[in-house]
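Worksheet: the structure to be examined is printed underneath.
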There are 2 protein chains.
Amino acid sequence: MSSHRVLIIGGGPAGLTAARHVSDLGFHATLIEKQAQLGGTPIASHYAALTHGFRDAEDAFRDLIHQVTDDKQIDVRLNSRVVGCEGRVGNFNVHVANGAGAETLDAGAIIVATGFEHFDPARETQIYNYYTYPDVITLADMELMLKSKTVTRRSNGALPERVCFIQCVGSRDRQIGNEYCSKVCCGVASKQAIEIKQLVPTAKLFIFYIDMRMYGYWENEIYWPAQEKYKVNYIKGIVTEVIQKGDKLLVRGEDTTMGRPMEVTMDLVVLSVGMEPSAGTKEIAHALQLKQNKYGFIEVPHESLDPTVTSTPGIFVAGAAAGPKDLDDTMSMAGLAALRAMAAVRGAN
Amino acid sequence: MSSHRVLIIGGGPAGLTAARHVSDLGFHATLIEKQAQLGGTPIASHYAALTHGFRDAEDAFRDLIHQVTDDKQIDVRLNSRVVGCEGRVGNFNVHVANGAGAETLDAGAIIVATGFEHFDPARETQIYNYYTYPDVITLADMELMLKSKTVTRRSNGALPERVCFIQCVGSRDRQIGNEYCSKVCCGVASKQAIEIKQLVPTAKLFIFYIDMRMYGYWENEIYWPAQEKYKVNYIKGIVTEVIQKGDKLLVRGEDTTMGRPMEVTMDLVVLSVGMEPSAGTKEIAHALQLKQNKYGFIEVPHESLDPTVTSTPGIFVAGAAAGPKDLDDTMSMAGLAALRAMAAVRGAN
């Protein structure tokens, strides 16, 4: 007997959006989330403004959460994990564990929306000293500061006079095994630089980069204003170490445009950490026996032409579980994955 | 009386994909294309390999075309133009002109998939001499050469020894009014450089760029192999003029990494022209009274969160009609737009 349920794994932006779309077309959706709350990384990591458009992230994603929790056609299971799966497209049996025990849910199709996690700079600690110096922080730490509208030095609570971002921490790096570009960090760092300047107008902002990947409208909507209106200094350069000097941080490297060594003092250093597959993405690949690419993200065999298809018919992927994605990508993929899941349920695929 | 038809305007990758998705969920789709053939820019401009994955573009899009033309639920109208529209979501009356005259079609929702056109380098002719020198060509001209597996100098039919690409022609340029980044040109140029090297192994390849925007997996799948396997030379620099010198082209500018003037001779110069809204996109915005952004692309009010919604309820946009998009974006947006159009037809939105 075939099932008309679409099972969605992950309650972040991709999963919430996919669930809503499934319901909008009259299909039944079950959303499985392993945490006690919905919203995924943007809510759990206290994101401030969205990179594109600067809308308040909590406000935007709370709306999305309510659309899902208010919808009687969507069955939301918190504190739940998918631990196994049998069957095939049209008729999957999915084993879900939760506090109360375990149950098996039927589903005609499955959408994996288990997201990414931020690269842990401990793996490059000898260069950047993230766990040694309190004023070396990550993009995620800065989101939390921006969310609380208080950007201060962790070491002494003072307003920072000079703040820099170091791009490509954990991305474009063969040594740590992440050759890919994490796609969003140039945009996020630039957005944060603008927000810092709005909160601390006296601060001087610097972004050390290899290439500024401000594609499409990020160029005119974020990159140009960052330079022209907010006077953010973009320096093409490579940072080789960050060390403490008195109560300041000394950033050493090479300014590749000027072709000379660079040594600058900073009050706050923000590491633009990239995306890696979340623990949930790796777990679910195992539980559903989905192929992963060499980085551990869900493998998408026909990426450009069919960006949500996985190695298993009837199982689709949306958002950063498939690799580095921005919010536009995630929302579009959630729509496509929802649609393809429903078509699979109908037997069209 | 409400209509269950989704009307899709534009028979390129976005429109074809949207039509197929609409049909897959059992809704009726009508596809309007002003040309005599389907396939849009990739077919009309003879694209060679897809940038991501290197699959043959004609092969990929012919498949898509056949899926649509073989589907009895999809009504395809070639040589047809939308000239006006009344009504509202659930009940649009769309006026379509064709050779035989005109007719009015009902539609519950509309998807605009009218695409982009390549920037015309005539607007920067004094610098690059596109219309003066036969060996100054565009990315689109190079696609045609690659498609025919014959990369030669137009001036004398010889194999080129030195080929360069000049990035950001018509993009990131306030003077011509296009401040945005066209998103795909870094990837397309790198892909073409690889294809040229495969066809003419003795050729030396150069790409003059501001930032290489090889986001996500383009970094590890295209940019690294281009450098390591195909020895493409990437030079961060600004080209200020291209002039004829004997039977060669002299490219003058500044190598910004080395901080010195640059003067190099080339056999072929490829201008990496960006994206502008197509004539069809501007026409349709007028016919449907849709808001356009300052560049003439269809305005998307809530871009990151809702990338296919236009200024008019019930009218959605997919692909490069909304701005610079890559193929992944286009295919995901086509899915989302199809889904939202069907939800609108059902009255959910």
Side-chain angles (χ1 to χ4, degrees), chain A residues 21 23-26 50-53 55 60 64 171-172 174 179-183 186 209 211-221 223-224 236 256-259 293 302-308 323-329 331-340 342-343 346 348-349, chain B residues 21 23-26 50-53 55 60 64 171-172 174 179-183 186 209 211-221 223-224 236 256-259 293 302-308 323-329 331-340 342-343 346 348-349:
Chain A
H21 288 317
S23 171
D24 277 351
L25 285 192
L50 299 181
T51 290
H52 192 46
R55 185 170 167 203
L64 208 54
S171 308
R172 303 181 68 178
R174 181 172 282 157
E179 291 94 352
Y180 56 84
C181 158
S182 290
K183 194 167 185 178
C186 286
Y209 71 95
D211 297 277
M212 279 310 293
R213 294 194 163 161
M214 305 297 284
Y215 46 81
Y217 294 145
W218 287 17
E219 175 79 14
N220 52 301
E221 293 185 8
Y223 191 36
W224 288 46
K236 185 169 165 79
T256 46
T257 301
M258 304 305 284
N293 66 21
H302 315 289
E303 175 132 24
S304 291
L305 289 163
D306 224 339
T308 66
K325 304 290 172 194
D326 64 26
L327 187 55
D328 290 55
D329 298 338
M331 301 313 257
S332 291
M333 286 178 82
L336 175 61
L339 185 143
R340 290 194 58 96
M342 291 183 279
R346 288 186 81 240
N349 282 6
Chain B
H21 288 317
S23 171
D24 277 352
L25 285 192
L50 298 181
T51 290
H52 191 46
R55 185 171 167 201
L64 208 53
S171 308
R172 305 181 66 179
R174 180 171 284 157
E179 291 93 353
Y180 57 84
C181 157
S182 289
K183 194 168 185 178
C186 286
Y209 71 96
D211 296 277
M212 280 310 293
R213 295 195 162 161
M214 305 297 285
Y215 46 81
Y217 294 145
W218 287 17
E219 175 79 13
N220 52 300
E221 293 184 8
Y223 190 37
W224 288 45
K236 186 170 166 80
T256 46
T257 301
M258 304 304 284
N293 66 21
H302 314 289
E303 175 133 22
S304 292
L305 289 164
D306 225 340
T308 65
K325 304 291 171 193
D326 64 27
L327 186 55
D328 290 56
D329 298 338
M331 301 313 257
S332 291
M333 286 177 82
L336 175 60
L339 185 143
R340 290 193 58 96
M342 291 184 279
R346 289 186 81 240
N349 282 6

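By convention in this document, chain letters (A, B, ...) are assigned in the order of the sequence lines, proteins followed by strands, and residues within each chain are numbered from 1.
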Measure [X] against the heavy atoms of chain A and call it side chain, backbone, both or neither at under 4.5 Å.
{"X": "B:Leu50", "answer": "side chain"}
{"X": "B:Ala337", "answer": "neither"}
{"X": "B:Thr257", "answer": "both"}
{"X": "B:Arg174", "answer": "both"}
{"X": "B:Met214", "answer": "both"}

Pick from B:Pro324, B:Gly335, B:Ser304 with the largest number of heavy-atom pairs that fall under 4.5 Å of chain A: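 Result: the option with the highest number of such pairs is B:Ser304.
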A:Tyr215 and B:Asp326: CA distance, side-chain angles, deciding distance, side-chain hydrogen bond (donor to acceptor under 3.5 Å, both in side chains) verdict: CA-CA 10 Å; A:Tyr215 46 81; B:Asp326 64 27; over 6 Å; no
Non-hydrogen atoms of A:Asp24 and B:Arg346 that approach each other most closely: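 Answer, listing the atom of A:Asp24 first, then B:Arg346: O-NH1, 2.7 Å.
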Closest contact, heavy atoms only, B:Leu305 versus A:Leu327: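 That would be CD2-CD2, 4.0 Å.
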What residue, out of [options], has the most heavy-atom pairs lying under 4.5 Å from chain B?
{"options": "A:Gly216, A:Ala334, A:Ser182, A:Pro307", "result": "A:Gly216"}
{"options": "A:Gly26, A:Ala338, A:Ala60", "result": "A:Gly26"}
{"options": "A:His52, A:Glu219, A:His21", "result": "A:Glu219"}
{"options": "A:Arg213, A:His302, A:Glu179, A:Arg55", "result": "A:Arg213"}
{"options": "A:Met342, A:Met258, A:Lys325", "result": "A:Met342"}

Could you grab the distance from atom [atom1] of [X] to atom [atom2] of [Y], nearest 0.5 Å is fine?
{"X": "A:Thr256", "Y": "B:Lys236", "atom1": "OG1", "atom2": "NZ", "result": "8.0 Å"}
{"X": "B:Trp218", "Y": "A:Lys183", "atom1": "CH2", "atom2": "NZ", "result": "8.5 Å"}
{"X": "A:Glu221", "Y": "B:Asn293", "atom1": "CD", "atom2": "CG", "result": "8.5 Å"}
{"X": "B:Asp329", "Y": "A:Asp328", "atom1": "CG", "atom2": "CG", "result": "8.0 Å"}
{"X": "A:Asn220", "Y": "B:Ser171", "atom1": "CG", "atom2": "OG", "result": "11.0 Å"}
{"X": "B:Cys181", "Y": "A:Met212", "atom1": "SG", "atom2": "CE", "result": "11.5 Å"}

Min side-chain heavy-atom separation B:Met331-A:Asp306 under 4.5 Å: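 Result no, sub-4.5 Å side-chain heavy-atom pair not found.
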